[in-house]
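This structure is in structure tokens; I'll ask about it shortly.
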Amino acid sequence: MPELTAPPFDPELHAALGLIAEVIKPTLTPDMIPLMREMPADPTLDDQVAAVGAVHEERTIAGYDGGEIVLSIYRRPGQTTTGPGIYHIHGGGMVIGNRFMGVQAFLPYIASHDAVVVSVEYRLAPEFPDPVPVEDCYAGLVWTAEHAGELGIDPTRLIVGGASAGGGLSAGVTLLARDRQGPPLRASLLIYPMLDDRNESVSALQIQGIGVWDRTSNFTGWNALLGDRRGTDDVSIYAAPARAEDLSGLPPTFIDVGSAEVFRDEDVAYASRIWEAGGIAELHVWPGGFHGFDGFAPQAQISMAMIETRNRWLTRMLDA
């Protein structure tokens with residue numbers, strides 16, 4: 001196949017990429033994982049928690065196959081009324097990141113909706129390959145639902161969501177909840193989710209050596225998670241939800257993605273198959289967006305539009 005030309009980046013985002021490239025390279029290779037894991041956490045997180053009148057608690061619970069995982073819980077101190085629950089799964093390509101990455105976006109709902117935010121520290125590949133990450137995340141969701149009363153969560157308003165690998169894991173957890181008759185979910189929020197281990201879509205072939213997560217990076221993440229099974233028929237739909245043929249029976253789902261990123265086509269296809277199955281999905285493809293652009297360049301006009309659109313949907317789900 002001839003080399004494919006990627007869609008152009010939004011002008012504001014293209015300018016931001018010049019600065020981002022000094023910190024985040026387009027390509028992640030396996031040897032870079034240890035260094036990437038050393039990146040510091042957001043030093044303002046504690047202040048953001050305090051600003052919404054919340055406190056941070058931690059619980060250690062049983063994860064998959066006898067392991068232990070940690071949940072961070074953010075809520076009003078001494079919360080007595082029940083509010084919606086937001087179960088957050090962080091990104092990082094299945095190989096990096098922690099439960100403090102990305103949770104900031106959901107903290108304002110503690111003040112506005114009495115929400116309780118739970119963020120899971122699932123174990124990472126390659127040390128803990130599939131099915132550990134998705135099963136850890138599901139174990140945390142089950143624990144959250146079982147302790148809804150204690151936490152101040154209305155069990156009929158429990159939402160799962162995350163970005164990138166966290167979006168893919170959120171999709172996997174949603175499928176597990178459906179197939180195991182697990183916790184009923186009000187909605188599923190998939191922010192530019194990582195869904196397809198095959199990495200052969202047009203958008204995957206277009207994005208190489210540009211942006212912040214290219215096709216080689218995607219191979220790095222999926223190979224760490226699946227090893228020799230990647231790209232074969234021996235891959236679970238819960239690890240790679242793009243492989244699910246039946247997307248019926250899912251809660252309302254939101255998907256957003258950039259037009260200039262690896263995940264574009266698999267995300268569009270996932271939304272399309274939800275519609276084919278008679279389900280509810282809201283899809284936004286942001287022109288000129290690279291992977292994670294709303295986080296890397298939040299002041300760009302298109303980033304602000306993306307965040308506002310996503311938050312409006314989430315607010316509708318929480319209010320329903």
Side-chain angles (χ1 to χ4, degrees), residues 4-29 32-33 36 39 89-97 101-102 104-105 125 161-171 189-225 240-242 254-271 283-307 309-310:
L4 297 169
T5 301
F9 293 123
D10 171 87
E12 275 190 289
L13 299 182
H14 189 266
L17 270 176
L19 298 174
I20 295 165
E22 298 176 8
V23 182
I24 303 291
K25 302 302 180 186
T27 302
L28 177 72
T29 54
M32 297 167 62
I33 292 173
M36 293 294 290
M39 292 185 68
I89 304 174
H90 73 78
M94 307 289 181
V95 295
I96 60 176
M101 188 173 79
Q104 298 86 340
S164 192
L169 289 164
S170 293
L189 173 58
L190 312 181
I191 303 169
Y192 29 81
M194 179 179 178
L195 299 173
D196 196 342
D197 65 293
R198 291 163 292 195
N199 206 21
E200 295 294 341
S201 69
V202 170
S203 58
L205 295 168
Q206 286 177 317
I207 308 300
Q208 181 60 54
I210 57 175
V212 299
W213 183 265
D214 66 4
R215 186 168 185 245
T216 297
S217 304
N218 215 29
F219 279 128
T220 296
W222 283 114
N223 287 339
L225 184 71
F254 181 96
I255 301 172
D256 57 10
V257 67
S259 69
E261 66 168 299
V262 167
F263 301 137
R264 181 195 68 218
D265 292 347
E266 62 201 61
D267 293 355
V268 171
Y270 199 76
L283 170 70
H284 296 270
V285 181
W286 295 95
F290 58 82
H291 185 61
F293 69 89
D294 56 320
F296 287 107
Q299 300 307 314
Q301 289 294 316
I302 194 170
S303 300
M304 291 189 286
M306 182 191 213
I307 294 166
T309 301
R310 183 190 303 147

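The basis for the numbers below is simple: all heavy atoms, side chains too, and nothing from hydrogens, waters or symmetry mates. Note that the numbering runs from 1 along the sequence shown for the chain.
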(message) Looking at R215, is its backbone amide N or carbonyl O close enough to the side chain of N199 to form a donor-acceptor pair, meaning the two atoms are under 3.5 Å apart?
(response)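 Here the side-chain-to-backbone pair exists.
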
(request) Can you label the angle between the H291 ring and the F263 ring as parallel, tilted or perpendicular, going by 30° and 60°? (result) perpendicular

(message) Measuring from atom CD of Q208 to atom CG of N218, what distance do you get when rounded to the nearest 0.5 angstrom?
(response) 10.0 Å

(message) In terms of relative ring orientation, are H284 and W286 parallel, tilted or perpendicular, with 30° and 60° separating the classes?
(response) parallel

(request) Kindly compute the distance separating CG (L17) from CZ (F293), expressed to the nearest 0.5 Å. (result)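 Nearest 0.5 Å value for the CG-CZ distance: 11.5 Å.
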
(request) Any chance you could measure L283, atom CG, to F254, atom CZ, to the nearest 0.5 Å? (result) 8.5 Å

(request) Using the six-membered ring wherever Trp is involved, compare the ring planes of F290 and F9 and label them parallel, tilted or perpendicular (cut-offs 30° and 60°). (result) perpendicular

(message) Looking at P26, is its backbone amide N or carbonyl O close enough to the side chain of S217 to form a donor-acceptor pair, meaning the two atoms are under 3.5 Å apart?
(response) yes

(message) Looking at G102, is its backbone amide N or carbonyl O close enough to the side chain of Q104 to form a donor-acceptor pair, meaning the two atoms are under 3.5 Å apart?
(response) yes

(request) Decide side chain to side chain contact (heavy atoms under 4.5 Å, CB included) for H90 and L169; before the verdict, give the C-alpha distance in whole Å, the side-chain angles of both, and the deciding distance to 0.1 Å. (result) CA-CA 9 Å; H90 73 78; L169 289 164; over 6 Å; no

(message) Closer than 3.5 angstrom, by distance alone: can the side chain of D265 be matched with the main-chain N or O of S203 as a donor-acceptor pair?
(response)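 Present.
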
(request) For M101 and G92, work out which heavy atoms get closest and say how close. (result)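 Closest approach of M101 to G92: CE-N, 4.0 Å.
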
(request) Would you confirm whether W222, through its side chain, and D196, through its main-chain N or O, come within 3.5 Å as a donor-acceptor pair? (result) yes

(message) Enumerate the side chain to side chain donor-acceptor pair (under 3.5 Å) contacts for residues 14-29, please, sequence neighbours excluded, ordered by first and then second residue.
(response) T27-D214, T29-D31

(message) side chain to side chain contact (heavy atoms under 4.5 Å, CB included) for D267 and V285? Distances and angles first, verdict last.
(response) CA-CA 9 Å; D267 293 355; V285 181; over 6 Å; no

(request) Can you see which heavy atom on S259 is nearest to which on P7, and at what distance? (result) O-CG, 3.5 Å

(request) Measure the spacing between CD1 of I33 and CG of L28 and express it to the nearest 0.5 Å. (result)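 Output value for this atom pair is 5.5 Å.
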
(message) In the structure I gave you, are the side-chain heavy atoms of S303 and L13 within less than 4.5 Å of one another anywhere?
(response)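 Of all side-chain heavy-atom pairs linking L13 with S303, at least one is under 4.5 Å.
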
(request) Give the minimum heavy-atom separation between A6 and I210, together with the two atoms involved. (result)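 It is CB-CD1, 3.8 Å.
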
(message) Using side-chain heavy atoms (C-beta onward) and a distance below 4.5 Å, is I191 in contact with S170?
(response) no

(message) Between I24 and M39, is there a side-chain heavy-atom distance shorter than 4.5 Å?
(response) yes

(request) Of all the heavy-atom pairs spanning P193 and G167, show the shortest one and how long it is. (result)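 Heavy-atom minimum between the residues: CB-C, 3.5 Å.
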
(message) Filter on salt bridge (charged side-chain N to carboxylate O under 4.0 Å, His left out), then keep only pairs touching residues 4-19, sequence neighbours left out; what's left?
(response) none

(message) Is any side-chain heavy atom of Y270 closer than 4.5 Å to one of P241?
(response)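 Yes. Closest side-chain heavy atoms under 4.5 Å.
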
(message) Listing request: all salt bridge (charged side-chain N to carboxylate O under 4.0 Å, His left out) pairs with a residue in residues 202-213, at least two apart in sequence or in separate chains.
(response) none

(message) Please evaluate residues L189 and R310 with respect to the criterion side chain to side chain contact (heavy atoms under 4.5 Å, CB included), reporting the C-alpha separation (whole Å), side-chain torsions for both, the decisive distance (0.1 Å), and the verdict.
(response) CA-CA 9 Å; L189 173 58; R310 183 190 303 147; 3.9 Å; yes

(message) Once rounded to the nearest 0.5 Å, what's the spacing between atom OG of S164 and atom CG of L195?
(response) 10.0 Å

(request) Tell me, with the steps shown, if V212 and E261 meet side chain to side chain contact (heavy atoms under 4.5 Å, CB included). (result) CA-CA 9 Å; V212 299; E261 66 168 299; over 6 Å; no

